[in-house]
Every structure is written in structure tokens, then in C-alpha cells.
2 protein chains.
Amino acid sequence: MSGNIKRAKDVEISPIPYVTLTDRVEIRLIEYLQEKNFEPGDLIPTEFEFADALNVSRNVIREALSRLKMLGYIKARKNRGMVTSYPDVMKVFGKVLDPILMSKETQLGLMELRISLEIGISDLLFNRKTPKDIQELEEILKQEIVGPTGDVSKQNNIDFHSKLFQIARNDYIQKFHVLLEQIFTCVYKLLEEKGEILRVSSATHKVIFEELKSGTADSLRKAIQSHLQPHMDIINRERKALTNKEHVD
Amino acid sequence: MSGNIKRAKDVEISPIPYVTLTDRVEIRLIEYLQEKNFEPGDLIPTEFEFADALNVSRNVIREALSRLKMLGYIKARKNRGMVTSYPDVMKVFGKVLDPILMSKETQLGLMELRISLEIGISDLLFNRKTPKDIQELEEILKQEIVGPTGDVSKQNNIDFHSKLFQIARNDYIQKFHVLLEQIFTCVYKLLEEKGEILRVSSATHKVIFEELKSGTADSLRKAIQSHLQPHMDIINRERKALTNKEHVD
DNA sequence: GGTTGTTTATATGTAGGACATATAAATATA
DNA sequence: TATATTTATATGTCCTACATATAAACAACC
């Protein structure tokens, strides 16, 4: 045998990524949009003009434009030309934040992000709450069916936390939460199937509600943080399990 | 004149969006990937097979697949077929989080998100910091050139906060910060050109550093929150200005 | 036996042609 | 002034063709 002789097979060198013409045209088109300082609604050249200017086939142009359409940078109006547009950032986030089609590692990383975000918005919540918010949150609380260990249903949970995020009065934060919430639902479904039982924090929804209503921004934050701690524990455990698994491989 | 008679022109009804075949095929392909429970690296049918199965032209299939390639759900290996893949979520985020190509409203909303996130990770920072982190952060602090009002350069700012986010030990939070940071840079560049001067908080980088080093998770959070308050003030002011402008229009 | 060279089928990447059709603009009509 | 007709336009969709990198199968060689 070759023993300790280093064979060609052993060379660890990452392959040169094959960059298609479409990839390059996509980049070039984004640059073009940036350079031209378009306002939303401005007409851009036609497919034929782009194809001509870049000296590529209309197919390639269309594939690149199709990508930009998906990102929302342009909108095509059938038979009338294309116009620039501000993309719907959260819509694109939604396309790629599919819990089923992401790695476990990504799921856990994003769950941690969501928890951090919820802790971080406590100041916003406190500053922007209205009497109507308090009233609506109390209504949601009344709908809750609390089990013997203080647990509530998935729907109760989603309702409560969604309302919390809504009080922050920031569409981006709110929509981001909806997307990240899906990941929780997906991951916890799997854990439940394995017989996992989530520890319930003593900082219940009711405690959070009371702090939001008549506590301080600080006490609210502590309540939220404490409420989410069991989730954080599970994420930390799962992350550790993942890392160990990697080392075994 | 027609006076107060309601004319057809005045009817406010949003047009029915034209959905292309490519749009529908894209949705169908994502469903397909979800249904089939593919592992990353699994071979999927060829373009011809998809075109045949869905009874559409290869062009349409290719445009839809091109979008999925951009999202990272599939990878095409030239002449060898396509395989499934876990998308690089943050790479896609980067494509759509271009500060130049987003509305002012989106910029402000995302800036607020970033601030909330930075406040929210203080627990992570405190729990995950290492002596090496403290040392490196101190090194960054030493590089800072502090002006008479306590202001530091953009680069000093980026270095410090990037290191902070790095201590959270979460790639997704960290990369997200890099993307959102760009928006700050872009917005502040515009404000500066208008002669705007940012109020500097008494909670300087040094204060944050000291709290991280020898304070508590709570005192650290307060320092970060206080440090970011001037930014929050500006965002609130700009948001209000935007809303007023809308009402005028 | 293991390496090297040859052949072949395969699937993506790219080009180019064709046509349907919705729309806007121009024109004509009532 | 409102409606009807015509025309040029640009996107959406389909089709054909071919270059070429790769894998697999096979042959040749030391």
C-alpha cells in the first residue's frame, strides 16, 4: 500500500464554482439599477435592448430578469415594459425562511435570533403601548386554557406573542416574527414527537401582561427574558448536540 | 361639471395581479421540494422531465429553476443534473437588503430592528464572552480616536459593534448585523450631507466594555440601550417626518 | 491490478426564431 | 365628448439547435 504517501485523491481543494452567464448578467443588472438611481415606477430598457447591449441571448436576460422580479427589484407589465420597484423585503425573507427546507443548524440559529429580538423590543413595547393594546392583550389572555403545569396551547402562544410584537409598531419586526415563529412550530412539533416536554417558566404570559400594564420597561424585559428561558435552554442543548454529532462524523 | 357624482375613474380598486406561468411553476416546484423530503445533495429530475411532467416549455421551467437556484434550494451541476441544497439564508438576505434599492420607510424599520436586536443580545453576550473577547474588545477600544464630544469615526463604530455581535456566537445574528449595519452607513451619510450632527450618548463604547467585563447582564443591557438611544431618537424623528409627508401627499 | 486512454450517452447552458396577446397611442367615428 | 377602430409594442410562451463537461463503460497498457 501507499502508506503515508500523499495521494492526489487526498488533496483537499474546493472546486472552482462554475459561474453561468446568467449569474453574471444578474449581477450586472443589479449594478445597473444601483447606478441609475431609479425611482420606483421608472421604465427600464426592454429585454431586447438589454440583450443587445450585453450581447447575450434573450433567454439569458430573461432568466436574470426573472430573478430580479422575484426579489422585487423590477415589475414586468405584460406587453408594456418593465418598471423598477422597491422590493418587499419581508416577502423575499418568507421565500427563503422555509423551516422544512433549511438545516437544523439554521433553524436553531434563527430561533435564537427571534428570542433575542423579543427581549430587545421590550423598550419599544413599553413606549408604544396604548390602552387598546392592553385591553386586547387581556382579551387574548382570557382565551387561554392553562394546563396544570402552566402550559398553554400552541395557538394561545402564537396569539399572545404575535400581539406583543404588534405593539412594537414596526411592520418589519412583526413580519419577521411571523416567519421565525414558523420555525418554532416546526421544530417543537418534531421534539414533541420524540416525547419532549418543554419546561414552563414561572414567568407566564400573565406576568408579562402585568409588567407591560403596570411595571417598568425593565421589569417587562426581565419577564420576557425569563419567559423565554426554557426555549433558550432547549436551543442551547440542541446546538450542543449538533456540534457533538459533527465531531463524531 | 360632474360635481360630487362618483365617477368610474374614482373607484379605488387594486388591479388583479397578472400571474405568469413561471410564477406558478416556481410555487409548484417549491411545493415539490417540500413534499419529497429531499436531503441536501439528492438528485432531482432533469429540466426536460419537469417540463414534460408539468407540460410547459423548457424555458418556463428554466426561469423558475433559475429563481430556486438564486434562493439556494437547488444547485445545478453543468451537464450532470441538479441537486437539492439548503439555501444560504443570509446570502439571500444580502441580495434584498440593498440600502440603495429600498424605501426610506424600509430603511428606518430595519434600523429599528437592528437596535432592538443589539439590545436583546446582551444576555447572550454576557453568557458567552471569553477572556479573549474582552481582550480583543479592549484592543479595538484602544484604536479609537475620540473627539471632543465623545464621537468616534464610522470605522471605529463598526469595529466595536461588529465585535460585540461576534461575541454572541451566532452566525445568523452576526451576518444579519453586517447587512443592517450597511443601512446605517447609507442613511447617516445622507444625514451628514444635510449637516445633521448625531448626539452622542454618555454611555460610550468604554462604558459598554466595562459593563461587559465586570458588570452584570442587566447593566450591560442598560449601557447598550443608552448608547443606542440617540439613534433611536433619530429614527423616530425620521419616521414621524415620513408619516407627515405621506399625509401631505 | 491498477492506471491511462477512448468512446458514448447525458443534461445543462446558451443562442435564436416564432407567435399570441394585452396595452397604449393614434386615429377615426358617432 | 365619448366610443370604436387600428396599429405598434414588449412580454410571455413555445420550439429547435448545438456546444460541452461529466460519468460510465469499455479498451489498452505497463
Side-chain angles (χ1 to χ4, degrees), chain A residues 1-3 5-11 13-29 41-70 72-85, chain B residues 1-3 5 7-11 14-29 41-70 72-85:
Chain A
M1 287 303 171
S2 48
I5 294 172
K6 194 127 190 161
R7 308 300 305 276
K9 289 183 195 177
D10 303 335
V11 175
I13 180 167
S14 58
I16 300 165
Y18 179 69
V19 180
T20 66
L21 198 48
T22 303
D23 293 332
R24 285 184 291 159
V25 168
E26 179 205 328
I27 293 169
R28 193 70 200 80
L29 287 176
D42 285 352
L43 262 170
I44 59 172
T46 67
E47 296 175 351
F48 289 104
E49 285 166 342
F50 273 129
D52 220 48
L54 295 179
N55 201 29
V56 297
S57 74
R58 193 172 156 231
N59 276 355
V60 170
I61 283 289
R62 272 189 65 85
E63 282 190 26
L65 287 171
S66 182
R67 294 179 179 183
L68 298 198
K69 281 175 210 162
M70 194 187 53
Y73 284 140
I74 57 174
K75 291 198 188 310
R77 303 165 315 160
K78 196 176 177 185
N79 322 313
R80 286 195 291 153
M82 297 170 288
V83 295
T84 59
S85 168
Chain B
M1 286 304 170
S2 50
I5 295 171
R7 308 299 305 276
K9 290 182 194 178
D10 301 335
V11 175
S14 58
I16 300 165
Y18 179 68
V19 180
T20 66
L21 198 49
T22 303
D23 293 331
R24 286 184 289 159
V25 168
E26 179 204 329
I27 294 169
R28 192 70 200 81
L29 287 176
D42 284 352
L43 261 170
I44 58 173
T46 67
E47 295 175 350
F48 289 104
E49 285 166 343
F50 274 129
D52 220 47
L54 295 178
N55 200 30
V56 296
S57 74
R58 193 173 156 229
N59 273 10
V60 170
I61 284 289
R62 273 190 63 86
E63 282 190 26
L65 287 171
S66 181
R67 295 178 180 184
L68 297 198
K69 281 174 208 163
M70 195 187 51
Y73 284 141
I74 57 174
K75 292 199 187 309
R77 303 166 314 160
K78 196 175 176 187
N79 323 312
R80 285 195 291 153
M82 297 170 288
V83 295
T84 59
S85 168

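Residue numbering restarts at 1 for every chain, and letters A, B, ... go by the order of the sequence lines.
Distances shown here put a side-chain N or O of B/Thr22 below 4.0 Å from the OP1 or OP2 atom of D/dT13. Residue A/Arg62 places none of its side-chain N or O atoms closer than 4.0 Å to OP1 or OP2 of D/dT11. Phosphate proximity of C/dA24 to A/Arg80: present, with a side-chain N or O under 4.0 Å from OP1 or OP2. The phosphate of C/dA15 (OP1 or OP2) has a side-chain N or O of A/Ser57 nearer than 4.0 angstrom.
Distances from the side chain of A/Thr46 to the nucleotides D/dA23, C/dA11, D/dA10 place D/dA10 closest. In the set C/dT14, D/dG12, D/dC15, D/dG12 carries the atom at the smallest distance from any side-chain atom of A/Lys69. Taking every side-chain heavy atom of B/Ala76 into account, C/dG13 is the closest of D/dG12, D/dA10, C/dG13. Of the candidates C/dT14, D/dG12, D/dT11, C/dT14 carries the atom nearest the A/Leu21 side chain, counting heavy atoms from C-beta on.
At whole-Å resolution of the value, CD1 in A/Ile74 and P in D/dA10 are 15 Å apart. The distance from atom CG of B/Asn55 to atom P of D/dT13 is 13 Å, rounded to the nearest whole Å. Counting to the nearest Å, the P atom of D/dC14 and the CD atom of B/Glu47 are 15 Å from each other. In this structure, B/Glu63 places its CD atom 16 Å from P of C/dT12, rounding to the nearest Å. Here C/dA11 presents its C1' atom at 15 Å from CG of B/Asp52, a figure rounded to the nearest Å. Rounded to an integer number of Å, the gap from B/Glu49 CD to C/dT12 C1' is 13 Å. Atom-to-atom, CZ of A/Arg77 to P of D/dG12 comes out at 11 Å; the value is rounded to the nearest Å. In this structure, NZ of A/Lys75 is placed 13 Å from P of D/dG12, rounded to the nearest angstrom.
Residue pairs meeting the side-chain hydrogen bond (donor to acceptor under 3.5 Å, both in side chains) criterion with at least one partner in residues 18-28 of chain B, sequence neighbours excluded, are A/Lys78-B/Tyr18, A/Lys95-B/Glu26, B/Thr20-B/Asp23, B/Asp23-B/Arg67, B/Glu26-B/Arg67, B/Arg28-B/Glu31.
Put simply, the side chain of B/Arg77 reaches to within 4.5 Å of the side chain of B/Leu43, judged on heavy atoms. The shortest side-chain heavy-atom distance between A/Phe50 and A/Val25 does not fall under the 4.5 Å cut-off.
Just one of A/Leu65, A/Ile74, A/Ile44 meets the side chain to side chain contact (heavy atoms under 4.5 Å, CB included) condition when paired with A/Leu29; it is A/Leu65.
What you find for A/Met82 and A/Pro45 is that their closest heavy atoms are CE-O, 3.5 Å. Looking at every heavy atom in both residues, A/Gly41 comes nearest to A/Val83 through O-CG1, 3.4 Å. Nearest approach of B/Ile61 to B/Glu47, heavy atoms of both residues: CG2-O, 4.0 Å.
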Original post:
How does protein reach along nucleotides 16-21 of chain D, written 5' to 3' as B (base within reach of a heavy atom under 4.0 Å), S (only sugar-phosphate), or - (no contact)?
Top reply: -B--BB

